[in-house]
Protein chains: 2
Amino acid sequence: MEKYAKLLKKHGIKVTPQRLEILKYLNENHNHPTAFQIFSNLKERNPSFSKTTVYNTLEMLKAHKLIQVLTISESELRYEFDNKLHHHFLCKKCGKISDIDVQCPFFEKMLDSEYKVEEVHGYFKGICTRCSKEEELKSET
Amino acid sequence: MEKYAKLLKKHGIKVTPQRLEILKYLNENHNHPTAFQIFSNLKERNPSFSKTTVYNTLEMLKAHKLIQVLTISESELRYEFDNKLHHHFLCKKCGKISDIDVQCPFFEKMLDSEYKVEEVHGYFKGICTRCSKEEELKSET
DNA sequence: GTACTAAATAGGAATCGCTACAAAATGGGA
DNA sequence: TCCCATTTTGTAGCGATTCCTATTTAGTAC
Ligand SMILES: [Mn+2]
Ligand SMILES: [Mn+2]
Ligand SMILES: [Zn+2]
Ligand SMILES: [Zn+2]
């Protein structure tokens with residue numbers, strides 16, 4: 001827990017129990033959770049945990065580039081602690097988001113372009129392995 | 001207008017005035033509009049134009065892969081008629097979305113992978129040229 | 001330890017993009 | 001023309017996010 005406190009201090013962010021909990025949750029859950037998933041999980045242990053605090057904290061962590069916000073879903077934002085460059089795959093059937101370990105080769109070029117690039121997102125969408133197999137089984141009957 | 005009708009017929013979609021209007025609007029406005037922008041523009045000429053029709057039609061066009069849905073914004077979906085592979089840049093200041101004419105080099109590889117890829121999205125986010133210059137001018141005062 | 005103060009949190013209301021639903025309109029075929 | 005399936009419309013509803021304000025917390029000075 002001390003490492004999260006250090007991280008926050010390093011960025012000049014005041015350390016609070018709620019912020020530590022959110023950081024810990026993101027670090028231990030690499031499934032790109034929604035704000036609501038974070039909220040409801042933390043609320044279980046601390047019933048007074050507030051939804052607003054989750055949104056405020058995520059906003060602040062994002063501003064300090066400590067977390068990444070994914071707009072891969074059409075209906076809600078997904079968050080992740082890991083902020084090194086990688087792509088994502090969204091299964092349209094089960095909703096699972098997987099990491100794809102490649103880096104955009106245009107990133108460097110874009111840095112030299114007329115645009116001031118701050119974020120790079122690579123999203124693939126389709127059907128995941130598990131769901132594809134399930135579909136095959138169904139069609140065989 | 002006849003070309004839109006042909007396009008719809010080719011895909012087995014029944015031709016209606018509303019669908020033609022939406023296709024025409026998307027073809028003539030390459031600024032990746034929101035559903036609401038489409039709706040309010042078409043409503044000006046035809047006051048009974050319905051929001052639901054816009055969403056239904058966009059959903060149908062998307063299902064037939066006639067249009068692309070962009071999840072680049074954090075708050076709303078953007079639509080475009082052009083469905084050939086290209087990337088996008090979102091300016092966080094003015095909200096403008098620009099086309100970046102590159103193709104994801106991982107697309108082919110992903111097609112051979114365990115995933116069944118149906119969509120590829122490449123998003124860059126930051127500050128556009130115009131907004132960067134405006135910022136410079138401000139700081140010079 | 002107490003008092004003061006600014007920042008953070010909690011809880012609820014409000015907003016907004018999108019969807020669901022049912023009634024009315026449309027339009028092609030008998 | 002009449003029928004019936006499809007489409008459109010208008011409204012209500014939903015869910016993710018934001019806004020607002022009272023309360024709590026935590027740091028500082030006395
Ligand atoms: Mn990831
Ligand atoms: Mn485009
Ligand atoms: Zn799946
Ligand atoms: Zn801009």
Side-chain angles (χ1 to χ4, degrees), chain A residues 1 4-5 8-9 11-25 32-64 66-67 69-80 90 92 95 97, chain B residues 4-5 8-9 11-25 32-64 66-67 69-79 90 92 95 97:
Chain A
M1 215 58 175
Y4 303 123
L8 291 176
K9 279 177 194 158
H11 285 261
I13 305 173
K14 192 177 280 185
V15 177
T16 69
Q18 289 88 345
R19 288 171 182 172
L20 293 176
E21 285 298 322
I22 291 171
L23 271 182
K24 181 166 178 281
Y25 183 86
H32 314 93
T34 65
F36 181 77
Q37 283 176 314
I38 300 170
F39 165 66
S40 62
N41 273 280
L42 297 182
K43 196 178 180 64
E44 277 180 21
R45 294 172 180 279
N46 173 5
S48 81
F49 215 103
S50 162
K51 208 174 28 171
T52 305
T53 299
V54 173
Y55 279 106
N56 285 344
T57 301
L58 290 172
E59 178 60 31
M60 156 163 289
L61 294 175
K62 169 192 165 192
H64 285 270
L66 289 176
I67 62 171
V69 182
L70 306 183
T71 58
I72 193 170
S73 157
E74 291 188 3
S75 60
E76 72 220 336
L77 298 177
R78 304 297 206 101
Y79 298 88
E80 76 172 327
L90 168 70
K92 292 179 183 180
I97 294 175
Chain B
Y4 303 124
L8 291 176
K9 279 176 194 158
H11 284 262
I13 305 173
K14 190 177 281 187
V15 178
T16 70
Q18 290 87 345
R19 287 171 182 170
L20 292 176
E21 284 298 322
I22 291 171
L23 271 182
K24 181 165 178 281
Y25 184 86
H32 314 93
T34 64
F36 181 77
Q37 283 175 313
I38 300 169
F39 165 65
S40 61
N41 273 280
L42 297 182
K43 195 178 180 63
E44 276 180 23
R45 294 172 182 278
N46 173 5
S48 81
F49 215 104
S50 162
K51 204 175 35 170
T52 307
T53 300
V54 174
Y55 279 107
N56 285 345
T57 301
L58 290 172
E59 178 61 33
M60 157 164 290
L61 295 175
K62 170 190 165 193
H64 285 270
L66 289 176
I67 63 171
V69 182
L70 306 184
T71 58
I72 193 171
S73 156
E74 292 188 3
S75 60
E76 71 221 336
L77 298 178
R78 303 297 205 105
Y79 298 88
L90 167 72
K92 293 180 183 180
I97 294 175

- Task: Give the rounded distance in Å between these two atoms: NZ of B/Lys62 and C1' of C/dC18.
- Result: 12 Å
- Length of the CD-P vector between A/Gln37 and D/dG15, whole Å: 15 Å
- Task: Please report, rounded to the nearest Å, how far the C1' atom of D/dC14 is from the CZ atom of A/Phe36.
- Result: 13 Å
- Nearest atoms (heavy-atom pairs only) where A/Gly95 meets A/Leu90: O-CD1, 3.5 Å
- Message: Both B/Asn46 and B/Glu74 contact DNA chain D. Which one's nearest nucleotide lies toward the 5' end?
- Response: B/Asn46
- Message: Run the side chain to side chain contact (heavy atoms under 4.5 Å, CB included) test on B/Leu42 and B/Asn46 for me, step by step, so that the C-alpha distance in whole Å, both residues' side-chain angles and the decisive distance to 0.1 Å come before the verdict.
- Response: CA-CA 6 Å; B/Leu42 297 182; B/Asn46 173 5; over 6 Å; no
- Least distance between heavy atoms, B/Lys51 atom then B/Phe39 atom: N-CE1, 3.3 Å
- Task: Could you check B/Ala35 against A/Ile13 and say which one's nearest nucleotide on DNA chain C is further toward the 5' end?
- Result: A/Ile13
- Query: In whole Å, what is the span from the CZ atom of A/Phe39 to the P atom of D/dT17?
  - Reply: 13 Å
- For atom CD of B/Glu59 and atom C1' of C/dG17, their distance in whole Å: 15 Å
- Message: Using every non-hydrogen atom in the two residues, find where B/Pro33 and B/Ile38 come nearest and quote the distance to one decimal.
- Response: CG-CG1, 4.0 Å
- CG of B/Leu70 versus P of C/dC18: gap in Å, rounded? 12 Å
- Query: Which distance, rounded to the nearest 0.5 Å, do you find between the CE of B/Met60 and the CD1 of B/Ile22?
  - Reply: 11.0 Å
- Task: Please state whether the phosphate of D/dT9, meaning OP1 or OP2, lies under 4.0 angstrom from any side-chain nitrogen or oxygen of B/Gln18.
- Result: yes
Pick out the pairs of N or O atoms, protein on one side and nucleotides 22-27 of chain D on the other, that lie under 3.5 Å.
none

- Between CG of B/Leu58 and P of C/dG17 the distance, given in whole Å, is 15 Å
- Query: So, does A/Thr71 use its side chain to make a donor-acceptor pair with the main chain of B/Thr71 at under 3.5 Å?
  - Reply: yes
- Query: Counting only non-hydrogen atoms, which of residues 49-57 of chain B are less than 4.0 Å from DNA chain C?
  - Reply: B/Lys51, B/Thr52, B/Tyr55
- Do A/Arg19 side-chain atoms and A/Lys14 backbone N/O form a donor-acceptor pair below 3.5 Å? yes
- Please identify each residue that fulfils side chain to side chain donor-acceptor pair (under 3.5 Å) with A/Asn41, with sequence neighbours left out. A/Tyr25
- Message: Tell me the interatomic distance from A/Ile38, atom CD1, to D/dT17, atom P, rounded to whole angstroms.
- Response: 10 Å
- For the pair A/Arg78 (side chain) and A/Leu70 (backbone), establish whether a donor and an acceptor sit closer than 3.5 Å, ignoring hydrogens and angles. no
- Please work out if B/Thr34 contacts a base, only the sugar-phosphate, or nothing of the nucleic acid, heavy-atom cut-off 4.0 Å. nothing
